[in-house]
Amino acid sequence: MNDLGSLVQQTADRLATQQVGVVVAGLAGGAVEIRGAGSTAAGRPGDVPGPRTVFEIGSVTKVFTSLALARMALDGSTALDEPLADVLAGALPAGVSVPARRGRPIALRHLATHTSGLPRLPAGMLLPALLRPNKPDPYRDCTSDMLLTGLARTRPRAAPGRGFRYSNLGAGLLGLALAHRAGTGYEELVTREVCEPLGLTDTVIRVDGERAGRLAQGHTPGRRPVPGWQLADLAGAGGLRSTAADLAVLLRAQLACGTDGGEPLAPAIALTREVEHRVNPFAWVHLGWLGHRLHPRQGGHLQVWHNGGTGGFRSFVAFDPEKQVGVIALANTRRSVDPGGIALLRSLQSRCPEAAA
């Protein structure tokens with residue numbers, strides 16, 4: 001597809017009219033094009049972001065958390081249906097237990113598919129978050145003690161496994177539990193289970209050394225700079241930073257799943273997509289990924305995706321394993337990049353023939 005670069009650049013240029021800076025990647029036919037527009041910080045117009053510019057990726061982190069779960073399930077260190085209470089054994093404060101509903105315990109697969117019944121945010125966090133939407137890192141006080149103690153005041157809204165309810169709390173608890181089982185921190189867990197096998201060098205929580213010089217500055221929609229988010233021990237829900245170059249490697253591995261590409265994480269990637277909870281006839285959730293199929297009048301294409309947002313960043317990652325195309329959009333402004341990313345994906349889908357079975 002010789003116009004891939006042009007399509008990617010056009011998308012980046014359009015998004016840049018509403019962003020301080022943006023990087024867009026397109027994958028099609030085995031090719032990858034990554035283009036940037038705008039700047040890494042307001043007032044620095046010559047500093048155009050590129051493939052190795054580091055962005056906060058927010059909830060795209062959940063894809064990494066769930067991939068770590070799949071790896072650990074395959075190596076036998078845990079299981080998708082293992083109760084969260086068992087994984088957290090020894091970590092829960094005295095007198096605190098993991099809630100259940102209708103006799104059904106919350107299992108790890110429920111956390112990864114947002115079917116745990118847990119609320120979106122930890123106990124006691126919703127009101128402050130609403131009253132102070134620009135508070136620097138509203139998750140910064142989400143330590144393991146705070147999260148686990150809060151379970152005593154948390155009641156699932158539905159029986160685990162019964163229905164979809166998006167939950168940052170659930171995804172964060174999944175990351176915390178997996179790290180506890182592995183005897184390491186969350187960042188170290190993701191590095192070991194996902195980044196090292198794929199060769200990802202810039203997907204981290206802590207940005208230091210040479211990498212710090214490539215970190216984009218986050219901004220509000222009004223282009224005011226804002227401090228970064230860390231998410232403390234809720235990091236599994238949205239604490240990672242990454243680059244378009246790293247995420248393109250992740251998408252290439254996703255697209256190679258089921259082929260003879262020999263990707264090192266192919267079994268784990270396959271497991272994440274084998275697990276499926278239907279939300280409605282056109283939409284579902286995998287381990288970490290959201291999925292839907294467009295109406296036939298819109299082409300009927302498959303879209304597997306996740307987006308993310310923090311105080312000063314937005315992200316969108318999506319792919320179609322049938323058409324073998326994918327897109328990435330990263331911005332250092334708290335303004336959605338989803339429309340541009342979706343439009344680019346649909347353009348690539350319409351240009352690509354069906355991949356061979």
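All figures in this text were calculated on a predicted structure; none of them were measured in a lab. Sequential numbering from 1 along the given sequence is applied to the chain's residues.
Remark: Q10 pairs with S6, L7, R14 by the side chain to side chain contact (heavy atoms under 4.5 Å, CB included) rule, at least two apart or across chains. For T113, the side-chain hydrogen bond (donor to acceptor under 3.5 Å, both in side chains) partners are T115, not counting sequence neighbours. For A253, the side chain to side chain contact (heavy atoms under 4.5 Å, CB included) partners are L198, E263, I269, not counting sequence neighbours.
Checking H286 against E276 by side-chain atom types alone, no donor-acceptor pair falls below 3.5 Å. A donor and an acceptor atom, one from each side chain of K62 and S59, are located under 3.5 Å apart. Side chains of T203 and D246: a donor-acceptor N/O pair is present below 3.5 angstrom, by distance only. Donor-acceptor pairing under 3.5 Å is lacking for the side chains of T143 and D145.
Using a 4.5 Å heavy-atom threshold, the side chains of L67 and T272 count as touching. No side-chain heavy atom of I342 sits under 4.5 Å from any side-chain heavy atom of P339. Within the 4.5 Å cutoff, no side-chain heavy atoms of R223 are placed close to those of T333. The shortest distance between side-chain heavy atoms of L271 and L74 falls below 4.5 Å. Residues L240 and V204 have side chains not in contact (no heavy-atom distance under 4.5 Å, counting atoms from C-beta outward). Side-chain contact between L27 and Q324: absent, with no pair of heavy atoms (C-beta onward) separated by less than 4.5 Å. Within the 4.5 Å cutoff, the side chain of R241 has no heavy atoms near those of the I57 side chain.
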R346 vs L294, test: side chain to side chain contact (heavy atoms under 4.5 Å, CB included). Steps then yes/no. CA-CA 10 Å; R346 292 182 66 177; L294 299 179; 3.9 Å; yes
Begin with the C-alpha distance, continue with both residues' side-chain angles, and end with the deciding distance and a verdict on side chain to side chain contact (heavy atoms under 4.5 Å, CB included) for T11 and V24. CA-CA 7 Å; T11 301; V24 176; 4.1 Å; yes
Does the side chain to side chain contact (heavy atoms under 4.5 Å, CB included) test come out yes or no for L255 and D320, once each step is laid out? CA-CA 8 Å; L255 293 174; D320 178 348; over 6 Å; no
Worked verdict on L176 versus Y186 for side chain to side chain contact (heavy atoms under 4.5 Å, CB included): CA-CA 7 Å; L176 181 64; Y186 174 77; over 6 Å; no
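The environment of CZ in R206 is sparse: at most 12 heavy-atom neighbours from other residues, nucleotides or ligands sit within 6.0 Å.
Aromatic pair H114/F164: centroids less than 6.0 angstrom apart.
Between A12 and G36, the shortest heavy-atom contact is CB-C, 4.4 Å.
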